[in-house]
2 protein chains.
Amino acid sequence: MIAARGLAGLKTRDLAREIGCANGAVYNLVTDVDELVLRVGSRTLLRLDEALSAAVSAGEPSPREALVRIAIAYCDFAAENLQLWRALFEHRMAADKPLPDWSVNDQMQLFRHIYQPLAALFPERSPEELGITARSLFSAVHGMVTLGLEQKLVAVPLPALRKEIATLVRAMIDGLIAQAA
Amino acid sequence: MIAARGLAGLKTRDLAREIGCANGAVYNLVTDVDELVLRVGSRTLLRLDEALSAAVSAGEPSPREALVRIAIAYCDFAAENLQLWRALFEHRMAADKPLPDWSVNDQMQLFRHIYQPLAALFPERSPEELGITARSLFSAVHGMVTLGLEQKLVAVPLPALRKEIATLVRAMIDGLIAQAA
DNA sequence: CACAAACCTTGAACATTGTTCAATAAATAT
DNA sequence: ATATTTATTGAACAATGTTCAAGGTTTGTG
């Protein structure tokens, strides 16, 4: 239902009707809609993880091109799973209810893909530094995808967005290498 | 109320109590909560615009350093106006209700700040190309700020975030210049 | 099989919220 | 002073997440 109608289109009554039970029965499967959304998010993250892995599995891309491929794969995944991907970031827990551990853990796994090529490019950096750089790179690409797929402003055609992402990822890497030298 | 309790903490009844009227009277000032949020967003964008202008007004920074200053100013503004800034991006209209023109117009103004230094750095690029690059740069920085200020994952200390942003903005610019050469 | 304990399902009920609207009051024009 | 327009009120409505007592179903045990 999130995939079809977006996070805001997920209603417990509709959901109950669709799976054929009373609305109250939903709460036997899940304590909350919060939990429901996080469980869906968990699956989405798993599929995203696979998509990113697949992106670098063909051929032997250089670290630089591996990072470009990962970024493009992230963009493509978001475009192809727009509502599910958005749900990952749109969803907010109530301020007093923290994220469960398993959900936090899910999210951490993503940086792994970026970390490896980065480590190859910057062998002199410490794991902490690499972690920070990985998060920065991810965040930058995430921002481009987020605003690029947003219909709110101008609709960017997907091929143009992919090209822009590739350009900027290469620029970031080249710039970081130049700074390190 | 958005500033104090976040977008999700804005309730028409609380608002009516606070301004001293019946809950129905809110709809004499505004047709919707949507409109209310957009009007607040308009003010926020105006203040953000001022903050970005102020960032480059002191001294005569090079285009490269102007872009760094703008990015840092964006980060600082978001940190200091966290809830109001988040409301700009968290808010979604219903799918069938498009944004009013004045609101769309508001958002376009932001790229102006980035456009000027970029034009100085890349005089051979067309206005369209510059517009695209400006949006890419903005999106990348926006992503870093968004995920950096999110408490969801690891809390990043603000000084570290500022430093990371400066590093990556310089890297992006240097990388883009190297590509152009 | 008989019985009990655990579990599941149901649908009504509740609380919260955005929104509308008929009634009423206030302001303004004539 | 009176009529007309405008603003305000607070009750009512609809949508929605959540709870819960009542009743049904499954499962374990002698």
Side-chain angles (χ1 to χ4, degrees), chain A residues 1-44 82-104 106 151-152, chain B residues 1-44 82-104 106 151-152:
Chain A
M1 288 190 62
I2 293 175
R5 293 194 265 288
L7 190 54
L10 172 65
K11 305 292 150 69
T12 57
R13 279 168 181 79
D14 294 350
L15 181 64
R17 189 157 358 98
E18 189 141 333
I19 66 184
C21 70
N23 64 60
V26 171
Y27 294 85
N28 292 330
L29 312 170
V30 133
T31 74
D32 251 352
V33 272
D34 275 343
E35 188 194 330
L36 179 52
V37 172
L38 291 179
R39 298 224 110 101
V40 172
S42 200
R43 294 193 192 180
T44 306
L82 190 55
Q83 301 281 34
L84 287 169
W85 173 76
R86 274 188 186 156
L88 290 175
F89 300 95
E90 278 179 13
H91 180 65
R92 304 239 162 264
M93 300 289 278
D96 50 348
K97 249 206 312 188
L99 273 185
D101 284 345
W102 56 266
S103 182
V104 174
D106 275 350
Q151 302 299 26
K152 217 186 223 171
Chain B
M1 289 189 60
I2 294 175
R5 293 193 265 289
L7 189 53
L10 173 65
K11 304 291 150 70
T12 57
R13 279 169 181 79
D14 295 350
L15 181 64
R17 188 157 358 100
E18 189 142 331
I19 67 183
C21 69
N23 63 60
V26 170
Y27 294 85
N28 294 329
L29 312 171
V30 135
T31 75
D32 253 350
V33 272
D34 275 342
E35 188 193 329
L36 179 53
V37 172
L38 291 179
R39 297 225 111 101
V40 171
S42 201
R43 295 192 191 181
T44 306
L82 190 55
Q83 302 280 34
L84 287 170
W85 173 77
R86 276 188 186 158
L88 291 176
F89 300 96
E90 277 180 13
H91 179 64
R92 304 238 163 262
M93 301 288 279
D96 51 347
K97 246 203 319 186
L99 273 184
D101 285 345
W102 56 265
S103 181
V104 174
D106 275 350
Q151 301 298 26
K152 217 185 225 174

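Order of the sequence lines fixes the chain letters, A, B, ..., with proteins taken first and strands second; residue numbering starts at 1 for each chain.
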Atom pair distance, as rounded to whole Å: CZ in B:R17 and C1' in D:dT8
18 Å
Between CD1 of B:I19 and C1' of D:dT8 the distance, given in whole Å, is 12 Å
When you measure from the side chain of B:N23, which nucleotide among D:dT18, D:dA11, D:dT8 comes out closest?
D:dA11
Without decimals, in angstroms, what is the distance between A:D14 CG and D:dG17 P?
8 Å
Rounded to the nearest angstrom, tell me the gap between atom CG in B:L15 and atom P in C:dG18.
10 Å
Identify, between A:R13 and B:G20, the residue whose nearest nucleotide on DNA chain D lies closer to the 5' end.
B:G20
Where the side chain of B:V33 is concerned, which of C:dT10, C:dG18, D:dG17 is the nearest nucleotide?
C:dG18
Calculate the interatomic distance between B:H91 atom NE2 and C:dG18 atom C1'; express it in whole Å.
13 Å
Please examine the side chains of A:M93 and A:L99, heavy atoms only from C-beta on, and report whether any two atoms are closer than 4.5 Å.
yes
Nearest nucleotide by nearest heavy atom, which residue falls closer to the 5' end of DNA chain C, A:V26 or B:D32?
A:V26
Can you tell me how far P of D:dT9 sits from CG of B:L29, to the nearest Å?
11 Å
Remember a base hit wins even if backbone is also touched, and classify A:L10 as base, sugar-phosphate or nothing at under 4.0 Å, heavy atoms.
sugar-phosphate
Please state whether the phosphate of C:dT17, meaning OP1 or OP2, lies under 4.0 angstrom from any side-chain nitrogen or oxygen of B:T12.
no
Walk me through whether A:V40 and A:L10 qualify under side-chain contact (heavy atoms from CB on, under 4.5 Å).
CA-CA 12 Å; A:V40 172; A:L10 172 65; over 6 Å; no
Any carboxylate oxygen within less than 4.0 angstrom of a Lys/Arg side-chain nitrogen, looking at B:D32 and B:K97?
yes
Expressed as a whole number of angstroms, how long is the span from A:N28:CG to C:dA6:P?
17 Å
Should A:L84 and A:R43 count as side-chain neighbours, where that means a heavy-atom distance under 4.5 Å?
no
Does a side-chain heavy-atom distance below 4.5 Å link B:V26 with B:R13?
no
Closest of C:dT9, C:dT19, D:dG17 to the A:Y27 side chain is D:dG17
Figure out the CG/C1' separation between B:D34 and C:dT19, and round it to whole Å.
12 Å
